[in-house]
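One-based numbering along the sequence shown. Worth knowing before you read on, the calculation uses all heavy atoms, side chains too, and leaves out hydrogens, waters and symmetry mates.
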Amino acid sequence: MRLCRWICFLFFMYPGFCRAELLMRTYGNLTIAPYVHGFDRAKQRYPGYRSEFMNYVDFFQFRGLVFNSLLGTTTIISDTDATGMRLDRIRYTLTPGVRLERSSWLVRAALHHECIHTIGRREADGSIWWNSLQIGIGTKEAYYQYLLNEYRGKQDHFLHTWDARIDIGYIIPAERTLLTGQNHDYRFEQFSLLRYHIGVFGKWVYFATLRQNLWVKTGLVTEQQVLLTVNMFRRGTRNFAGIFYTYLHTYHL
């Protein structure tokens with residue numbers, strides 16, 4: 001009974017809880033991209049296509065803190081002359097988190113879970129998965145939730161504006177438990193993004209994005225990716241759709 005009284009006091013008597021706001025806002029993106037260059041088609045599982053679905057949800061806000069989550073999947077579809085198209089691998093992403101917003105920038109923290117499965121063939125040691133603790137900072141339009149804000153209310157306008165973000169994470173060592181992971185030797189991760197907003201002309205918006213992803217493994221072995229993407233999207237009332245081209249290069253140091 002005492003516990004119930006304290007709960008009632010906190011939620012109904014303490015003024016701070018009156019500032020909480022239920023949001024339940026959803027955002028998302030769906031992409032499918034064919035690989036056009038850079039892979040050997042003679043290999044048994046040439047990655048012909050890549051499909052990605054990301055769903056973001058803002059649950060509620062309390063004193064400037066927005067509690068949210070990300071649920072996403074990335075599927076690699078193989079395309080070889082011998083076998084035709086078939087699913088190869090799928091990556092699941094689940095990321096509950098919180099962010100603190102200001103007028104033009106935000107700070108975020110999250111518990112990131114990622115898992116990679118092969119499809120249609122046995123994994124001798126099981127799937128690869130890991131958990132990481134992430135923290136990041138950036139301008140608002142560098143995040144998907146606020147990307148459209150840059151183009152609302154603008155018509156036939158050359159923008160010439162920049163947005164940026166950086167995130168770092170500590171990857172929990174794999175010990176084959178629920179809270180750690182398995183079949184990986186990652187220790188740290190770092191992600192950065194630089195976005196150049198070119199402009200909006202008629203119904204079309206143009207921007208370019210440079211991403212840099214870095215993973216540090218045991219023994220300070222590093223794996224780095226650099227991605228340059230050029231986007232041309234048709235703007236709608238609430239959404240946009242269009243085409244993009246991405247150049248990706250992976251380094252192993």
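For the residue pair Glu114/Tyr186, the side-chain donor-acceptor check at 3.5 Å is not satisfied. Between Gln155 and Arg235, the side chains place a donor N or O and an acceptor N or O closer than 3.5 Å (distance only, hydrogens not considered). A donor-acceptor contact closer than 3.5 angstrom links the side chains of Asp58 and Tyr27. Residues His160 and Tyr196 have side chains that bring a donor and an acceptor to within less than 3.5 angstrom of each other. A donor and an acceptor atom, one from each side chain of His117 and Tyr92, are nowhere located under 3.5 Å apart.
Hydrophobic cluster of Leu111: the remaining members, joined at side-chain heavy-atom separations below 4.5 Å, are Leu133, listed by chain and number.
Within the model, atoms NE2 of His157 and CZ of Phe201 stand 9.0 Å from one another, a figure rounded to the nearest 0.5 Å. Put simply, CG on Leu94 and OG1 on Thr73 are 12.0 Å apart, with the number rounded to the nearest 0.5 Å. For the atom pair CZ of Phe233 and CD1 of Ile243, the computed distance is 8.5 Å after rounding to the nearest 0.5 Å. Atom OG1 of residue Thr139 and atom CZ of residue Arg102 lie 15.5 Å apart, to the nearest 0.5 angstrom. Here the CG atom belonging to Asn149 is positioned 10.5 Å from the CG atom belonging to Asp163, to the nearest 0.5 angstrom. Remark: Phe59 CZ to Leu23 CG distance equals 10.5 Å, nearest 0.5 Å.
Under the 30°/60° scheme for interplanar angles, the aromatic rings of Tyr144 and Tyr56 are found to lie parallel.
Within 6.0 Å of atom CG in Leu220, 12 or fewer heavy atoms from other residues, nucleotides or ligands are found, so the atom counts as exposed in its surroundings. Atom CZ of Arg187 sits in a crowded spot, with more than 12 heavy atoms from other residues, nucleotides or ligands closer than 6.0 Å. No more than 12 heavy atoms of other residues, nucleotides or ligands sit less than 6.0 Å from atom CD1 of Ile168.
Within the 4.5 Å cutoff, the side chain of Thr222 has heavy atoms near those of the Leu214 side chain. In this structure the side chain of Lys140 never reaches within 4.5 angstrom of the side chain of Gln145, judged on heavy atoms. Using a 4.5 Å heavy-atom threshold, the side chains of Arg234 and Phe240 count as separate. Counting heavy atoms from C-beta on, the side chains of Arg89 and Ser78 never come closer than 4.5 Å. Looking only at side-chain heavy atoms (C-beta outward), Arg165 and Leu106 stay at 4.5 Å or farther from each other. When side chains are defined from C-beta on, His112 does not count as touching Asp167, because their heavy atoms never get closer than 4.5 Å. Annotation: side chain of Phe207 is in contact with side chain of Tyr151 (closest heavy-atom distance under 4.5 Å).
The backbone N or O of Ile77 sits nowhere less than 3.5 Å from a side-chain atom of Asp88 that would complete a donor-acceptor pair. Within the 3.5 Å criterion, the main-chain N or O of Gly126 finds a donor-acceptor partner in the side chain of Asn183. Formation of a donor-acceptor pair under 3.5 Å by the Asn55 side chain with backbone atoms of Leu71 is not found in this model.
Here the closest heavy-atom approach between residue Ile171 and residue Glu189 is recorded as CD1-OE1, 3.9 Å. Heavy-atom minimum distance, Leu22 versus Phe60: CA-CB, 4.0 Å. The two residues Glu175 and Thr180 come nearest to each other via the heavy atoms N-OG1, 3.2 Å.
Note on Leu147: it does not cluster hydrophobically with Leu30, by side-chain heavy-atom contacts below 4.5 Å among ILVMFWY residues.
Using a 4.0 Å cut-off between a side-chain N of Lys or Arg and a carboxylate O of Asp or Glu, Glu141 and Arg195 do not qualify as a salt bridge.
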